Amino acid sequence: MDDTALLRQTIRRCTAVLVVTLATVGVSLQSASEASYLLILATGAVVYLAAEFIRVNPTAENASHSSSTEDER
């Protein structure tokens with residue numbers, strides 16, 4: 001990944017953390033019946049963060065290493 005892509009990824013993750021924080025504070029300050037949309041928003045942001053951290057992109061170093069092991073076989 002180049003620097004621009006990494007910066008965009010970092011901004012998306014920081015925004016998701018901010019959304020989770022604000023939605024959680026909003027849920028704690030409101031009654032349960034009024035906070036349903038905030039709870040959905042917080043849950044969606046947590047799922048997004050989990051998907052971002054679980055997804056693994058192979059690096060160029062790993063790709064070159066795997067091709068060299070195939071040549072050895």
Side-chain angles (χ1 to χ4, degrees):
M1 293 181 112
D2 61 341
D3 291 339
T4 306
L6 289 173
L7 180 62
R8 288 180 183 163
Q9 183 180 36
T10 302
I11 290 171
R12 284 193 305 267
R13 287 178 179 177
C14 290
T15 302
V17 168
L18 184 63
V19 167
V20 168
T21 303
L22 291 176
T24 304
V25 168
V27 166
S28 66
L29 293 177
Q30 291 183 348
S31 64
S33 62
E34 296 174 354
S36 61
Y37 291 116
L38 289 174
L39 192 58
I40 292 170
L41 183 65
T43 304
V46 167
V47 168
Y48 173 79
L49 281 172
E52 277 289 309
F53 285 109
I54 290 173
R55 183 177 58 191
V56 177
N57 294 331
T59 60
E61 184 177 301
N62 290 340
S64 65
H65 179 63
S66 64
S67 65
S68 66
T69 56
E70 292 175 3
D71 292 338
E72 293 172 358
R73 291 183 187 179

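The structure presented is a predicted model; accordingly, all values stated were derived computationally and were not measured. When reading the values below, keep in mind they use all heavy atoms of this one structure, side chains included, and skip hydrogens, waters and symmetry mates.
Rounded to the nearest 0.5 angstrom, Leu41 CG and Ser36 OG are separated by 11.5 Å. Note that the OG1 atom of Thr10 and the CG atom of Asp3 stand 10.5 Å from one another [nearest 0.5 Å].
Taking all atoms of both residues into account, the shortest heavy-atom contact from Arg13 to Glu52 is NH2-O, 3.2 Å.
Geometrically, Arg12 does not engage Tyr48 in a cation-pi contact defined by less than 6.0 Å to the ring centre and at most 45° from the axis.
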Can you give me every donor-acceptor pair (side chain of residues 19-29, partner residue at least two apart or in another chain, under 3.5 Å) with its distance?
| from | atom 1 | to | atom 2 | distance (Å) |
| --- | --- | --- | --- | --- |
| Thr21 | OG1 | Val17 | O | 2.9 |
| Thr24 | OG1 | Val20 | O | 2.6 |
| Ser28 | OG | Thr24 | O | 3.4 |
| Ser28 | OG | Val25 | O | 2.8 |

